[in-house]
Each structure stands twice: as structure tokens, then as C-alpha cells.
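Here the structure is laid out as C-alpha cells; the discussion comes afterwards.
Here the structure is a predicted model, which means the values were calculated and not measured. Each chain gets a letter, A, B and so on, in the order the sequences are listed, and its residues count up from 1. Atoms considered below: every heavy atom in the structure, side chains included; atoms not considered: hydrogens, waters and symmetry mates.
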Amino acid sequence: MSRKYYITTPIYYVNDKPHIGHAYTTVAADVLARWHRHRGDEVFFLTGTDEHGAKVAESAVEAGQEPQEFVNEVAKLFRIAWKNLNIKYDNFIRTTSPEHHRAVGVFINKLKASNSIYEDKYEGLYCVGCEKFITEKELVEGKCPVHNKKPKKIKEKNYFFKLTDYIEQVKELIVSGKMKILPEERKKEVLGLFEQGMEDFSVSREKVKWGIPLPFDKKQNIYVWVEALQNYISGIGYGEPSEKFSKWWPADCHIMAKDILKFHAIYWPALLLAVGEPLPKEQFIHGFFTIDGKKMSKSLGNVINPNDLVNQYGSDATRYLLLSQFPFGQDGDVKKSLFDEKYNSDLANGLGNLVSRTANLMEKNDVGIDTAQQPISNDKVDIINKQIEHYRFDEALKGIYGIISQANKYLDEQAPWKHTPDDKEKTTIVLQNVSDWIKTIAELIYPFMPITSRRISQQFAGPSVKKEDGLFPRLSDK
RNA sequence: CGCGGGGUGGAGCAAUUGGAAGCUCGCAAGGCUCAUAACCUUGAGGUUGCCGGUUCGAGUCCGGCCCCCGCAACCA
């Protein structure tokens, strides 16, 4: 049965070039999207970029560009990175696009109409040099660290959202599991946040210039976070006359990293409740990387560019390496040396070599494919599919590797290379068994490694099989 | 006592409701030779952060302590 499946990544803030963290989230979402498509579901996969806010405006100034010009360039970098990683999204939503502006306008007006917005004063420390509010924590000896000046305590008019009106309802939906927060630890974390208490938050800014104007008070811009969350609906046609929005909403899954948990698990549902839209069904929060045991940061210079990985390993292998390292949902450490190791052991020695030796044996012994054979379905395949469905990508990949091992072992036991011409029938059975497994493996790896999957499927489509170039050339040891 | 996560053989991770500490890589020895110096078998290596408790039995429950990471109201 075909079902609709709407999955999203967060929209990435264009203040930063794409890095391995963005790639991780996006690849995971792409795997789920491909998995659902592959089993016949109707899928919409949304990603995009978050392009407003003071930081972006500052960066544009530094780059000597107009904000729009600046964000156009960075957004393009994301598109290129996703193309390199073979990400197949259905829409790339940008918050500076007309459709986003329109959707946000409609949404904010609805919020206003629902009496969830009120006017109040926002008080904070404001640095004139930075042209923005800064927090107590950022201060160094009571001064702005950038401009070495004391910030002024000022008040500005802001519009606030009555979060507190919806907090109990959101909490209940999370506790009852009507809106799933996964993994379980994150759910606990969110429930912990409720215990700490929540206050209404401001949805507009007077000082921040680069943004979407508030429809009912053009002197204010909508606070970037409030506006950014709406990408999930603007990306599927919210506020447009078409049927598109009602077809896809609510989202089946929001994927994100743990830093933005609160916005997604609490603020976003509350905003949706206020305007009477249904809530996302599921939100999955994954962990952070450290690189060689250290926090990834620009100042340490250890940020990994996904394009570099693709250049070195290819898109399929990069996707595999990202998701096979550690359980999705936990923090993990990324080691450059481990990438090489895993590439060689799993992909070159494992999958690549199995395909290579099998194809070679089939060609030499003139054994073809039994095209009547249906794809194998057994417990192992079922388990692996379940694991993908439950975001256990590392386990699923391990399971696939298990089938590869099994095939290798079987080949060694049967040793068809020792067969004489009289054993032709036996040889045929053995090699066709292995080729059936290989075809099954090709099916299973499709969401993770679509290109390799296709290559294998084509090579083993029959009637005859020929040896081809290796799928994953071994990296020379250094 | 702010909240949450984590500390398991050299590395990365697993262990349904407490019940013989597993997996992958790496390492060592042996086998095989169809294959990308690959594949197969066997082996070495852990008193599961520390201390105490409950139990016939705890990595798994309880108490205390140490260390690491993220969040802590606008920072995306």
C-alpha cells in the first residue's frame, strides 16, 4: 500500500558553509526518503536554507556584498554540496524566496487573528557597535568583547507569542506520544525543559533589518526563528490556493540535530496549535560529531567539508561512512583514519570484492542469471528494513555486511573454482545462489548507496554476467 | 543539589523485563587462491570510571563519588 511520506531536514543557516554536520543530517533524511520511495510510498523531501537575521547581514557586510547577493552565493554552495552527495530532494526552500514570504505572511496574520500575539517591551543589553542585543554571558568584564564597549540597557517594542497558552497541550501531546520525539532520551530532555518553566517569546525584532516585515507593523521584522520554522509549510505550498499543502501536511518526520530541539519540539508545535494546523507526527533528533575527539569548530580548523569527502571516497562511500560510524541519535567521534579503515574493510574488501569475485567466476564458468528468480525475502531482509524504518542505520548496514560475509563464507566452502567441467550443474547452483544474494544486497543498499546499487543491479541483471571495474578501489595503505 | 546524555578488551560500538560480557576494525597464527595483497578458520586482548549495597546471580537495580559532552530563554 502506498502512503504519503513527508520528511524534512532543518533549513541551514547560510552564515556558514556546508560542513559535515549538515551533510550528516541531509544524508540521513535522503536515506529515509529513498527508502520510502523505493517501497512505493509517495514521498516529499524538503531541505533548504535559512537566510535572514543579523548575523547574515553582518557577514554580507564583511564580504562587501548586499545581503541578497551574499545569501544567493552561500545557498548555491549548499545546493552543490547536496548534488555532490547525490541528495534527491523535492524542494529546496529558501527563506528569502517569494513563496516563503507569502506563506509566512499568511501564517503570522492567522496567529494575530487567533489572539496569540500581544505587544510588550523587550528589555536587553544592546551593543551599538554590533547593532544587536547581547547576553550577559557574552560580556567580558561587562563589555562587549567585539567592540570593547559597555552595552546599553534598552527597551524596544516587541510582539510576543503566548506560548504559555499552549504549553500544557504541547506537553500532553509529547507525553502521550501523539507527537513522537525520538530517541527516548530527547523526549525526556524536552519534558525536562517543561519542568524548568517556559515563558512567552518575542516574535519580532525592531533592530534587525534583514528579515521579513511583520505584516501588521512594518517597522518590525519577524524574528528569524519564528519565520524559519515555517519553511516546513512554505516549502509545500502553504498559503497558496493549490491542494499541495493539504496533501503533504502534517510532516511525517522532521530530522534535526539536538541543538535545535527546543524550537522544534516546543515552539513549533505551539505555533501550529495556535493557527489550528496539525502537528508533525514524528521528530527525530540526532547527535553531534567530535572530530578526533575535539569539538568541531572553525577556530580549531577541524571542520570537514563534505565535498572533500566526496572527492576522496565518492558520494556513495561518503554516505556509507557517515552513517555507519555510530548509532544515529547519539553523539559520536569522527576519525579520519577510521574513514579509510572502514572504506577498505567494508566497501573495498567486503562488498566490492564479493561482487568482483562472483562476476569473475560467473564469466569464467559461463554461468548466467536465473532471471525467473524472485528477489529473496527472508528474516534478515525484514530485520534490516525494520532497522532503517527505526533510524538504526548503523545496525542496518551491519546487517547488510553480515550478508556479504555469509556469501563470502559460502563461496569458500563450495569452492567453485575447484570444480571440474563435470560439476557444471553444481557450479551453476552455487553461483546463482550467490548472485541472488548480491541482488538482494543491491536492493538493500539502495537508500544508502544508490549509484552502487544500480551498478550491481545492472551487472547482475542477466542473462550473462561480466566482470567489470571494481566498485570501490582499495585505498593504498600509507 | 538546574536539565539531559555518556564513561564496556588498542579503536568504534552492542548487550529485550538483572542470568553464561558480544559485534566490526585492528593485531597474531593457519588455510585457500576465483577475487580489489582479497577471502575463510582459529587465537590473544576486558576485575564493564571508582566505592559501597540489594540479590542465588548486576554492565544491567539502589546510594555516594570522579571524569567527558550538549542545553540552561533568542544563540541558527
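Between A:R94 and A:E51 a salt bridge is recorded (basic side-chain N to carboxylate O distance below 4.0 Å). Salt-bridge check for A:D412 with A:R357: passed, with a basic side-chain N closer than 4.0 Å to an acidic carboxylate O.
Of the candidate nucleotides B:A76, B:C34, B:C39, B:A76 has the atom lying nearest to any side-chain atom of A:W225. Listed candidates were B:U36, B:A76, B:G5. Nearest to the side chain of A:K55 is B:A76. Nearest nucleotide to the A:K398 side chain, out of B:U36, B:C23, B:G70: B:C23. Nearest to the side-chain atoms of A:Y13 among the listed nucleotides B:C74, B:A76, B:C34 stands B:A76.
When both pairing distances are held under 3.5 Å, B:U60 makes no Watson-Crick or G-U pair with any nucleotide shown. Summarising the base pairing, B:U8 is matched to no nucleotide, lacking a Watson-Crick or G-U wobble pair whose two defining distances lie under 3.5 Å. Figure legend. B:G30 is base-paired to B:C40; pairs are counted as Watson-Crick or G-U wobble with both atom distances under 3.5 Å.
Look at the P atom in both B:U42 and B:C23: the space between them is 11 Å, to the nearest Å. When the C1' atom is used for both B:G18 and B:G9, the distance is 23 Å, rounded to whole Å. Taking atom C1' in both B:U60 and B:A72, one finds a spacing of 31 Å when rounded to whole Å. When the C1' atom is compared between B:C68 and B:A76, the two are found 25 Å apart, to the nearest whole Å. Rounded to the nearest Å, the gap between the P atom of B:U47 and that of B:G6 is 23 Å. The separation of B:G19 from B:G59, taken at their C1' atoms, amounts to 13 Å, rounded to a whole angstrom. B:A15 sits 13 Å from B:A20 when the C1' atoms are compared, rounded to a whole Å. The P atoms of B:G4 and B:C62 are separated by 14 Å, rounded to the nearest whole Å.
Side-chain rings of A:W82 and A:F92 stay apart, their centers remaining 6.0 Å or farther from each other. Ring pair A:Y267/A:F161: centre-to-centre distance not below 6.0 Å.
Residue A:Y401 has a polar side-chain atom (N or O) positioned under 4.0 Å from OP1 or OP2 of B:C25. At B:U24, none of the side-chain N or O atoms of A:K342 fall inside 4.0 Å of OP1 or OP2 (strictly under the cut-off).
B:C25 atom P lies 7 Å from atom CG of A:D346, rounded to whole Å. A:Q406 places its CD atom 15 Å from the C1' atom of B:C39, with the value rounded to the nearest Å. In this structure, A:I266 places its CD1 atom 12 Å from P of B:A72, rounding to the nearest Å. The distance from atom CZ of A:F194 to atom C1' of B:C71 is 15 Å, rounded to the nearest whole Å. Spacing between atom CD of A:E395 and atom P of B:C23 amounts to 13 Å, rounded to whole angstrom units. Between the CD atom of A:E189 and the C1' atom of B:A73 there is a distance of 14 Å, rounded to whole Å. The distance from atom CD1 of A:I255 to atom P of B:A76 is 23 Å, rounded to the nearest whole Å. Distance A:F393 CZ to B:U24 P: 22 Å, rounded to the nearest Å.
Within 4.0 Å (heavy atoms only), A:L471 reaches at least one base atom of the nucleic acid. As judged by a 4.0 angstrom heavy-atom cut-off over every strand, A:E199 is placed among the base-contacting residues. Within the nucleic acid shown, A:Y12 has no heavy atom closer than 4.0 Å to any nucleic acid atom. As judged by a 4.0 angstrom heavy-atom cut-off over every strand, A:I260 is placed among residues making no nucleic acid contact. Counting non-hydrogen atoms under 4.0 angstrom, A:D50 reaches the backbone sugars and phosphates but no base.
Checked by atom type and distance alone, the side chain of A:N385 never pairs as donor or acceptor with a backbone atom of A:D382 at under 3.5 Å.
Remark on RNA chain B: of its neighbouring residues A:R357 and A:K262, the 5'-side contact belongs to A:R357, judged by nearest-heavy-atom nucleotide. Closest-nucleotide positions on RNA chain B for A:K409 and A:F201 were compared, and the one nearer the 5' end corresponds to A:K409.
Residues A:L229 and A:H264 form a side-chain contact, since some pair of their non-hydrogen atoms from C-beta on lies under 4.5 Å apart.
Exactly one of A:I441, A:I400, A:I403, A:I438 qualifies for a side chain to side chain contact (heavy atoms under 4.5 Å, CB included) with A:L351. That residue is A:I441.
Minimum interatomic distance between A:P416 and A:L361 (heavy atoms only, all atoms of both residues): CG-CD1, 4.1 Å.
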What N/O pairs connect the protein and nucleotides 26-32 of chain B at under 3.5 Å? Give each pair on its own line.
none

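Under 3.5 Å, the side chains of A:Y166 and A:S116 contain a donor-acceptor pair of N or O atoms.
Ring orientation note: the planes of A:Y343 and A:Y313 are tilted relative to one another, at an angle of 30° to 60°.
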